[in-house]
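Because the structure is predicted, anything quoted here is derived from the model rather than measured.
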Number of protein chains: 2
Amino acid sequence: MSLTERQRQILESIIKDYVSTAEPVGSRAMVRKHGLSISAATVRNEMADLEEMGYLEQPHTSAGRIPSEQGFRYYVDYMMESVIPSDAEIDLLHQALDDRIQEWNDVVQRVGHFLSQVTNYASFIIVPSIKLSQFHDLQIIPIQEGQAIVLVVTDIGIILHRRITIPTSMTADELKKVGNLFNRALRGKRLLEVKRSDLMMLRDEIKSRRQVIEKTLEAIDTLLDHSQDDRVVITGALNIIKEPEFKDLDKLRKVLTIFEEDGQLKDIVPDQIGEQVGIRIGKENKLDDIKGMSLVFAGYKTGGEMGKMGVIGPVRMEYWKAAGTVESVSRIIDELLSKRGLK
Amino acid sequence: MSLTERQRQILESIIKDYVSTAEPVGSRAMVRKHGLSISAATVRNEMADLEEMGYLEQPHTSAGRIPSEQGFRYYVDYMMESVIPSDAEIDLLHQALDDRIQEWNDVVQRVGHFLSQVTNYASFIIVPSIKLSQFHDLQIIPIQEGQAIVLVVTDIGIILHRRITIPTSMTADELKKVGNLFNRALRGKRLLEVKRSDLMMLRDEIKSRRQVIEKTLEAIDTLLDHSQDDRVVITGALNIIKEPEFKDLDKLRKVLTIFEEDGQLKDIVPDQIGEQVGIRIGKENKLDDIKGMSLVFAGYKTGGEMGKMGVIGPVRMEYWKAAGTVESVSRIIDELLSKRGLK
DNA sequence: AGTTAGCACTCGAAGCATGAGAGTGCTAAC
DNA sequence: GTTAGCACTCTCATGCTTCGAGTGCTAACT
């Protein structure tokens, strides 16, 4: 049962009005505002039909109509035209990501900030666990009597480091050799796969080296341990405080709590995710506490693994703007990442 | 004009009641609750006196009394007994700071989390700029054809790194020598003081080295640039959402906004600060937006510089618990930092 | 003199009625 | 198929009343 052109127009008008005002829109007000050439009564009839089909709903008998989640879904699937950020905005992002930024942390911070600022919703970026990255290089560098730094470089150029203690007798040269042992054994493997058993052969070394090897293994272990699974960065959480749907403190708290425990958000974003923009509206989300919100997200490739990013806001969301922004940003990150990195 | 013992008791009772209920406390209710051996009428008389002296105030004529900020101040100065965290709680902190944690970031995160969890207020930790740390060691480590990592170690063992490009002809040995040049020139200086002019002499090197020197200087510059002045970490911001004084969305937004732009909090905490616990109540704070809140803070030493940490909550705060916790944590951090580090 | 009981008074919060305004659905006419 | 007209519904704001907690004051008590 598809919609007539006029019904689609009315649906769109209602969505636009409702998204910007957060008030139910009535037939009379709508005709007046949009200067339609049909009468309020006609609109009323169409509205009644749209409601019966499930695209609209009425908060109370005597209120106007608001789009149902199904209505938003229809709009998003069949009618929406994404609005990509203006050139000025894109420039802003390019500028924020200037070439001197090497720290992955900084990049994530800035992208998140951009997303939330442009869309006015909260943004999230999920960074795949470092464990999935590939091992590129390991070095052990003495820094002073009895201390050295284990330096691990991954395929996409992320650098991990950790101090270890070493026998005072070890020379820099020997440390270098130990490092090379690791390199030969591990290069190209995923960090995740670094298991002690794989390195048993390294045990057959002379004793002083064995100590270093042991310490280095420990260091790698803790480095991996402490890089929790996927890292979630949320920016602009406060944006949702503006939305009238969260004037209720309890709802607000629930949402902000989800944001604060970043673990939760990780589970909310669907796992299979392409670089296409995906949208989850209200109850389409799995987690109960978030059924009142919508997600607009996309994936980005980082060294073979998929990261996720997007924005989260009320169901009454400017999907067109959010989708356009997320899409643009995801593309820009992909470009950036393929330009950088070590390979 | 000092208070009689009975007045002090009444003041304390009012403070305790008001802090836990957020309601004005009336004479009758107070006598009943605390099982006082004096009558409500007597309490009323004393209350009237306390109000005249400025230690109490009345929201409306027919409401009970609440402590004024001056009342809290009096309590904090002359009557308060700090409640230090229980052994179990302290253990929790020690556990969270287990020796395997080397990352300064992790330490800060965990301490913040502890503070906010134990006190139920928002916690902040201000980490002095890395620029004030002293230069301990610099090394340039080749990682692949044409690329190397500049590694800077500070006096307290913080490790900074940044990738640079190098002429493909450079050998590891030569890089090491360049590194040594830097070490001779810089060891013991503050990072802040690394000025190009100081390093002019390094310019007289052969050309290929000059390039590396130049790149390394750039790397140091950006490392310093990107480590913004003082870093502020706020944890448990959501705790304040529970406080009834922030049921007003506007107030809530203001406070959360201050939290989100960490720059602001830096200016709020007094500059001269010992390791003693300091308390700022309500209007004693300089910044307007924060005159409705209280701060409990202390300093901690990190490699010669002073960091700051504390909690921030409503004026109606459990100062006793907050002060005890902040004091304990500050001492524990000091111990931790003096045990660690490179010197 | 200090303490207490009693009482009139004040003020905010909660509950209820009322009216205005916006919107709907239906019917009948165009 | 579209529109005008009209009775009806429901929310929201406003004002009024009542209720309860608390105060301040006076007079009596110890």
Side chains of A/Arg8 and A/Tyr74, donor plus acceptor under 3.5 Å: yes

Pair B/Thr325, B/Ser328: side-chain N/O donor-acceptor within cut-off below 3.5 Å: no

Check: B/Tyr319 ring centre within less than 6.0 Å of B/Phe72 ring centre: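 Yes, they do, as the ring centres are separated by less than 6.0 Å.
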
[atom1] of [X] to [atom2] of [Y]: how many Å apart, nearest 0.5 Å?
X        : Y        : atom1 : atom2 : result
B/Ile268 : B/Ile258 : CD1   : CD1   : 5.0 Å
A/Lys16  : A/Thr21  : NZ    : OG1   : 13.5 Å
B/Asp289 : B/Arg253 : CG    : CZ    : 12.0 Å
B/Gln117 : B/Asn239 : CD    : CG    : 9.0 Å

B/Lys251, NZ atom: more than 12 neighbouring heavy atoms under 6.0 Å: no

Pairing string, 5' to 3', for DNA chain C - Watson-Crick or wobble contacts under 3.5 Å, brackets [ ] where pairs cross, | to another strand: ||||||||||||||||||||||||||||||

Spacing between B/Ile38 atom CD1 and C/dA5 atom C1', to the nearest angstrom: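 To the nearest whole Å, that distance equals 15 Å.
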
Protein-nucleotide distance (B/His60, atom NE2; D/dG20, atom C1'), rounded to Å: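 Roughly 14 Å, once rounded to whole Å.
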
Where protein sits on nucleotides 22-30 of chain C, one letter per nucleotide: B base, S sugar-phosphate only, - none, heavy atoms under 4.0 Å: -SBB-----

